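Below: one structure, written as structure tokens.
The model shown is predicted, which means the values in this text are computed figures rather than measured ones. Read the numbers this way: they start at 1 and go in the same order the structure lists the ligands and their atoms.
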Amino acid sequence: MNLQEKYNNPITNEKINKLLDEMTIDEKIGQLNQVGPSPVGGFEISLKELDKMLKSGRISQQEYENSVRGMYSDLREEEVRQGKIGSFLGVKGVDKCNKLQHIAVDESRLGIPLLIGLDIVHGYRTIFPIPLAESCCWDEDMFEKTSSIAAKETAASGINWTFAPMIDVARDARWGRIAEGAGEDTYLTSCFAKAKVRGFQGNELSNPEKIISCAKHFVAYGAAIGGRDYNTADVSLQTVFETYLPPFEAAVNEGAASIMSSFNDLNGVPCTTNSFLFQEILRKNWKFNGLVVSDAGAIGECVNHGTASDKKDAAYQALKAGIDIDMNSSSFSDNIKLLLEQGKITIDDIDRAVSNVLRIKIESGLFENPYTDEALGEKLYLCEEHKSLARDSARKSIVLLKNDGVLPLEKNIKIAVVGELANMRLEMLGTWRGMGCEQETVSLIDGLRENGINFVFEPCCSVDGFFDKEKLLTVIKDVDIVIAAVGEYQNMSGEAASLRNIDLHGRQNEMLKAIFDEGKKLITVLFNGRPLAITEAVNNSNAVVEAWQLGSQAGNAICDVIFGDYNPSGRLTTTFPNNSGECPIYYNHVSTGRPTSEIKHSCKYMDSPLTPLFPFGFGLSYTDYQYDNLVLSKAKDEISVSVDVRNIGSVEGTETVQVYVKDCVASRTRPVRELKAFKKVTLKPSELKTVKMVVPKDSLMFYDANMKKVFETGDFEFFVGHDSTAVLSKIVTID
Ligand code: BGC
């Protein structure tokens, strides 16, 4: 039985009905009301303000931590006592969570425990790489392991619900939230979605080491026009069904117990009030039995969308469409009773939503186990096992973009390190850093120190415009090798952090050029939450190491790669453009009538190269791999792919073997190629392995002009190789 079926079982339903019989209308509405810990300001705004204050030096790190822990008001306790709140977001600290649960369980009339949610996207105290980075591991086991550890630490903190995984396919690097997901590919994002749900939830939602997951944002949030966060998404239904929905279906099938609707409108209807999405797709087609929560404040925002006359109208539309919990807009709590009295909604509408909330509370074992052992966390947070996984996931997320042979470095040489990011621990943690903090993070400088490297460091250049050339020339004078840390601050990606220009900011290119002009060997290490347009940096560097925002163990992981203790194996999950103007750019675009070529009248920019700077799937290693002997064999429901891969270098390495398929002729234009399978294989020098993968025939289906899902017989070209430009191919006819 899958988890969705399990949620809807007779015993749970009986408990729900019994509770519904006892509940007053106010208590029912309370279950649909999710709030932040403080009625003043709200969690999101305060946290951002605090971030700004910390960055500008107005408060110390300690003051920052204290304020985050203190963002809580006694006023909320009284509302819990009265049954007016069913769930929280943003409460931090196991003592606070326990206190609130005690009030809910012991002091409210019906003793219904609380859902307490937080965005644990890539770790609670042990912070793993941001999802965009981690996706570059192409490793489902790793995706599962990191979310499993995140769940364990989170559960120990009293939080029982995470607003993750974020599984929005993102094709536009300008969109800051590209950092939070698994990149531009639907298949890879679906694998990521499944593994994350498994890791967070396990097989039993009631397991005390697990937490409830929430697949978000439903749906097509990543299609924001121009990459501008919160912007409208105007996408064909075919693209919605083929590109944006499959990761959510995968998450639902894996048992995701909750779904969050997205802020955007989709083809004219805000997702928050989109009954087609919730009723037809989620509940009817996918048999989803979990709960649906709105995004923060999103119900109220339907007034701004101009599709609701006021918050009451918005509450009406959202409840009717299928939202169960109102996140922080008080539209439900202020209006549902009135709507019932006016006969606009029925008690059944309310009971449906309440049942969905109670079902997940019951299934997650909250009624039996509402409290958390307050001593547990300190034993778990950043324990050796967790730190070592943070380091392993981080080094596997690194993508080597260029290497003229300068890497790996010998450990006994003297190097100069420049660029302020090398010494900024907090910047390593990325967006949604849970409770990760500065003191517990290894920067690049810390990593070099821990690895006993002989180096000199001077920031010389900031991300935002400061550059001291004289200092740079002094510090690099006596060394042959320079490591330059460049990129973005962590708050330049993530929510509400869209950029129109994704070049290296400030004077960072100028610094790299100055190092190049001095004839030094330059290793550029990039810290960023999105693909950047780094043509100039690449040209001026001997090696380029894409280090994203790698979390608690960033510095150690980078040293592992730079000094050859780990042979880089990461592969890009987003295309890197040559310049900002190429956005959106992604490998699996459909075929045009005039394919990109040297010819003038072909699909291209006159002032850009014909190919991206780095393609999807790309990543170098300290060895090379050779592909040969591609064999395709047809069975009834699948095509088996077999290929020989040989390590032709002198060190062991791990290759990610990728299979792309092109539908040669179809009734609609189809992608030039699409990822359909991949497998990682570790090979000793000269070793050859035959790698076998399977592509289900179903995965070659698509939506025709009438939105019917079809399989069209004919020729399919299979490309197998190292990245999305793989040339080794065979055509197979499938009936
Ligand atoms: C974001 C969500 C997040 C929520 C709660 C919203 O602004 O869009 O992804 O889960 O805040 O923090």
* To do: Pick whichever of V293, D119, D168, D229 has a heavy atom sitting closest to atom 3 (C) of ligand 1.
  => D119

* For E180, is at least one N or O under 3.5 Å away from an N or O on ligand 1? -> no

* To do: Can you sort out which atoms of ligand 1 are near H217, meaning under 4.0 Å from one of its heavy atoms?
  => 2 (C), 8 (O), 9 (O)

* Structure fact -> All heavy atoms of Y221 vs all of R177, minimum pair found to be OH-NH1, 3.0 Å

* Structure fact -> Under 4.0 Å from one or more heavy atoms of L89, ligand 1 contributes atoms 5 (C)

* **K55 to Y489, cation-pi by 6.0 Å centre distance and 45° axis angle** => yes

* Asked: Are a donor atom and an acceptor atom from the side chains of N98 and E374 found within less than 3.5 Å of each other?
  -> yes

* Asked: Atoms of ligand 1 less than 4.0 Å from F163 heavy atoms?
  -> 10 (O)

* Asked: Judged by modelled atom types alone, do E546 and N528 share a side-chain donor-acceptor pair under 3.5 Å?
  -> yes

* To do: Taking all heavy atoms of P165 and all of A193, pick out the closest pair and write down the distance.
  => CG-O, 4.3 Å

* Consider ligand 1: state whether an atom of it lies below 4.0 angstrom from any non-hydrogen atom of R177. => yes

* To do: Can you sort out which atoms of ligand 1 are near K216, meaning under 4.0 Å from one of its heavy atoms?
  => 2 (C), 3 (C), 9 (O), 10 (O)

* Which of the ligand 1 atoms, numbered from 1, are nearer than 4.0 Å to a heavy atom of W432 -> 12 (O)

* Six-ring centre of Y7, R359 cation under 6.0 angstrom, axis tolerance 45° -> no

* Asked: W161 ring centre to K210 NZ or CZ under 6.0 Å, with the angle to the axis within 45°?
  -> no

* **Nitrogen or oxygen atoms of Y221 and ligand 1 under 3.5 Å apart** => no

* **For ligand 1, the portion of M166 having any non-hydrogen atom under 4.0 Å away** => neither

